[in-house]
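Here the structure comes first, spelled out in structure tokens, and everything after it is commentary.
On a predicted model such as this, the values are computed, not experimentally measured, just so you know. Proteins come first, then strands; the chains are lettered A, B, ... in the order of their sequence lines, and each starts at number 1.
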Amino acid sequence: MSPARTPVIRIADLPGLVGSTVTLSGWVTHTRSSGKVAFVVMRDGTGTLQCVIVKTQVSAEAWEAFQALTLESSFTVTGEVKADARQVGGVELGVTGLAIIGPSALDYPIQPKEHGVDFLLDNRHFWLRSPRQVAIMRIRNEIEQAIHDFFYERGFLRVDTPILTAAIGERSGLFATEYFDEGNAYLAQTGQLYGEAAAAAFGKIYTFGPTFRAEKSKTRRHLTEFWMIEPEVAFNDTHANMDLQEDFVSFLVQRVVERRPAELKELGRDVETLKKVKTPFPRIDYTDAVATLQRKGSAVTWGEDLGAEDEALLVEDYETPIFICNYPKEAKAFYMKENPDDPRTVLCDDMLAPEGYGEIIGGSQREDDHDKLLHRIHEEGLPVEAYSWYLDLRKYGTFVHAGFGLGLERTVAWICGTPHIRECIAFPRMMHRLRP
RNA sequence: GGCCGCGUAGCUCAGCUGGUAGAGCAGGUGACUGUUAAUCACCGGGUCACAGGUUCGAGUCCUGUCGCGGUCGCCA
């Protein structure tokens, strides 16, 4: 036998409850007092609510409880829901009772004023409570859900690939840790190679997980721990791969535009700009891109990877993301398939987001020829033993296949219009930031 | 790692060609019956990152150290 329970009411529920008396719990974001009338702004994660307390209409205990409320104290309040056009949700609460749950010490670090980003990140556990951060996290959540919906509806299988791996993947920095008698284990930089094995088992797969890069990158586009989504599709070539990428990214953007207008407004994001993100996205051959860049005054020469400045120059003429395809072999990873039309290049693409947000996707058709792949592994000086199972995929029923990796935080940053990627994950990990 | 910049009150910052520490916000006390980062009055609050140097005198100039940020490279 369990006792009768009343459902918990949240601030977001209140517009439908005008005229009724409700009890809510939450935290203080702000208090104001004019002597005998006082105002407390409560937040509960679903919204904010102004609670109006008139001294002559509440008990002495409730009035004293109000007096003792400090910023971020948790409290329970009872009152009548009243329509009030001046309020954000269109309602306020005429308080009849108020009790403190947990008082908040007077030195709560985040005040209703401007703070520096570094200070805010030191207090990330509190910063997350602010309306802007709540909006970013809700949009991130919307994007994550949309990713799962997109692939589920298309018959993809989600595969969770290992985070602890033997050295495999790309050449960039690895985080190492001792692993029993097996020597070092490394935190995964990509699930792709496992994704390729899974694609041969299930046809269409995607991974969704954390990845780790130990480079000492100090830019607004880098984290040491970030979340990556890596689809891999059997029998897709590089063209089908780009079709999937543009369908995917435009789906994510339109989903946020449709379902999260309030959050975009909170962030001051221009929705019209996002609405322009429709397929097809321009596909620019690397060789043509270099020519364009040289015409624009860049010093790049054929064979070099494109720098951040070059990418910005290319993107400035477009309102959608663009693809840069078929880079020189030397600039790209060993597993990318040689371009049969120009063996100096590989069948790959980078998707560059507009407005200077940079690369959000890197993709390629994979090398499916056993001997060519083995040759590339030798060329890169990689340990062949570590890749034996990966080579086996080409030995036992090799298959044309392609895939890509989407950086979640970069995508969230672009869609939200945030200046820095570090606001786009709850607890960012960077070179100089391991806590909170 | 290269280059550029920053470090002054709990927070955001000002502090000129060197002259002995400031504002706003936050906090405390009081006033106010409709405020939206309310307003008004009063109050407390500092090893000017650290260590040297120049100088009669250094927050300010010089050197070094530490910490941090931006940018580039690496990539998503």
So what does [X] touch, heavy atoms closer than 4.0 Å: a base, only the sugar-phosphate, or nothing?
X: A:Glu304; result: nothing
X: A:Ala308; result: sugar-phosphate
X: A:Leu223; result: base
X: A:Gly307; result: sugar-phosphate
X: A:Leu406; result: nothing
X: A:Asp350; result: nothing

For [N], which nucleotide in any strand shown is its Watson-Crick or wobble partner with both distances under 3.5 Å?
N: B:U39; value: B:A31
N: B:A26; value: none
N: B:A51; value: B:U63
N: B:G69; value: B:C4
N: B:G18; value: none

Taking [M] as the reference, what is the distance to [N] when you measure between their [atom1] atoms (whole Å, please)?
N: B:U8; M: B:G46; atom1: C1'; answer: 8 Å
N: B:C66; M: B:A49; atom1: C1'; answer: 8 Å
N: B:C68; M: B:U29; atom1: P; answer: 38 Å
N: B:G10; M: B:G70; atom1: P; answer: 24 Å
N: B:G67; M: B:C62; atom1: P; answer: 22 Å
N: B:G19; M: B:C61; atom1: C1'; answer: 14 Å
N: B:C4; M: B:C11; atom1: P; answer: 29 Å
N: B:C3; M: B:A23; atom1: P; answer: 40 Å

Contacts of A:Thr70 and A:Thr31 projected onto RNA chain B by closest heavy atom; the upstream (5') one is A:Thr70

Assign each of A:Glu309 and A:Phe226 to its nearest nucleotide of RNA chain B by heavy atoms, then name whichever residue's nucleotide is nearer the 5' end.
A:Glu309

Check the pair A:Val256, A:Leu274 against side chain to side chain contact (heavy atoms under 4.5 Å, CB included), reporting the backbone distance first and the verdict last.
CA-CA 9 Å; A:Val256 172; A:Leu274 293 176; 5.5 Å; no

Of the options [options], whose atoms approach the side-chain atoms of [X] most closely?
X: A:Arg32; options: B:U33, B:C74, B:U35; value: B:U35
X: A:Ser34; options: B:U33, B:U12, B:C75; value: B:U33
X: A:Gln50; options: B:G34, B:C72, B:U12; value: B:G34
X: A:Arg220; options: B:U35, B:G70, B:C74; value: B:G70
X: A:His222; options: B:A38, B:U36, B:C74; value: B:C74

When you check the side-chain N and O atoms of [X] and [Y], is any donor under 3.5 Å from an acceptor?
X: A:Thr211; Y: A:Trp227; result: no
X: A:Tyr335; Y: A:Glu196; result: no
X: A:Gln245; Y: A:Asp349; result: yes
X: A:Thr161; Y: A:Thr207; result: no

Given the rule in the side chain to side chain contact (heavy atoms under 4.5 Å, CB included) test, do A:Glu338 and A:Lys329 qualify, once you have shown the distances and angles that lead to the verdict?
CA-CA 8 Å; A:Glu338 185 180 286; A:Lys329 199 180 285 182; 3.1 Å; yes

Should [X] be listed as having a side-chain N or O under 4.0 Å from OP1 or OP2 of [N]?
X: A:Arg422; N: B:G70; result: yes
X: A:His420; N: B:G70; result: yes
X: A:Arg410; N: B:A76; result: no
X: A:His30; N: B:A37; result: no
X: A:Arg433; N: B:C68; result: no

Expressed as a whole number of angstroms, how long is the span from [X]:[atom1] to [N]:[atom2]?
X: A:Asp118; N: B:C11; atom1: CG; atom2: P; result: 11 Å
X: A:Asp84; N: B:U35; atom1: CG; atom2: C1'; result: 11 Å
X: A:Ile421; N: B:U71; atom1: CD1; atom2: P; result: 12 Å
X: A:Asp310; N: B:G73; atom1: CG; atom2: P; result: 8 Å
X: A:Arg86; N: B:U35; atom1: CZ; atom2: C1'; result: 8 Å
X: A:Phe66; N: B:U35; atom1: CZ; atom2: C1'; result: 11 Å
X: A:Leu69; N: B:G27; atom1: CG; atom2: C1'; result: 16 Å
X: A:Gln245; N: B:A76; atom1: CD; atom2: C1'; result: 12 Å

Centroid under 5.5 Å and tilt under 30°, A:Phe39 to B:G34
no

Within the modelled atom types, does a donor on one side and an acceptor on the other bring the side chain of A:Gln87 and the base of B:U35 under 3.5 Å apart?
yes

Taking only residues two or more places apart in sequence, or in another chain, which ones meet A:Glu142 in a side-chain hydrogen bond (donor to acceptor under 3.5 Å, both in side chains)?
A:Arg255, A:Arg260

In Å, rounded to the nearest 0.5 Å, how long is the span from OG1 of A:Thr219 to NE2 of A:His420?
6.5 Å

Got a list of protein N/O to nucleotides 39-44 of chain B N/O distances below 3.5 Å?
none

Report, one pair per line, the protein and nucleotides 1-10 of chain B atoms (nitrogen or oxygen only) whose separation is under 3.5 Å.
none

For the side-chain contact (heavy atoms from CB on, under 4.5 Å) test, which of A:Asp84, A:Leu24, A:Thr21 pairs with A:Leu93?
A:Leu24

Would you say [X]'s side chain and [Y]'s backbone share a donor-acceptor pair under 3.5 angstrom?
X: A:Arg429; Y: A:Leu434; result: yes
X: A:Arg410; Y: A:Tyr357; result: no
X: A:Thr70; Y: A:Ser104; result: yes

Looking at A:Arg140 and A:Glu409, is there a salt bridge between them, counting it only when a charged N and a carboxylate O are closer than 4.0 Å?
yes

Residues A:Lys275, A:Asp270: salt bridge by 4.0 Å N-O rule
no

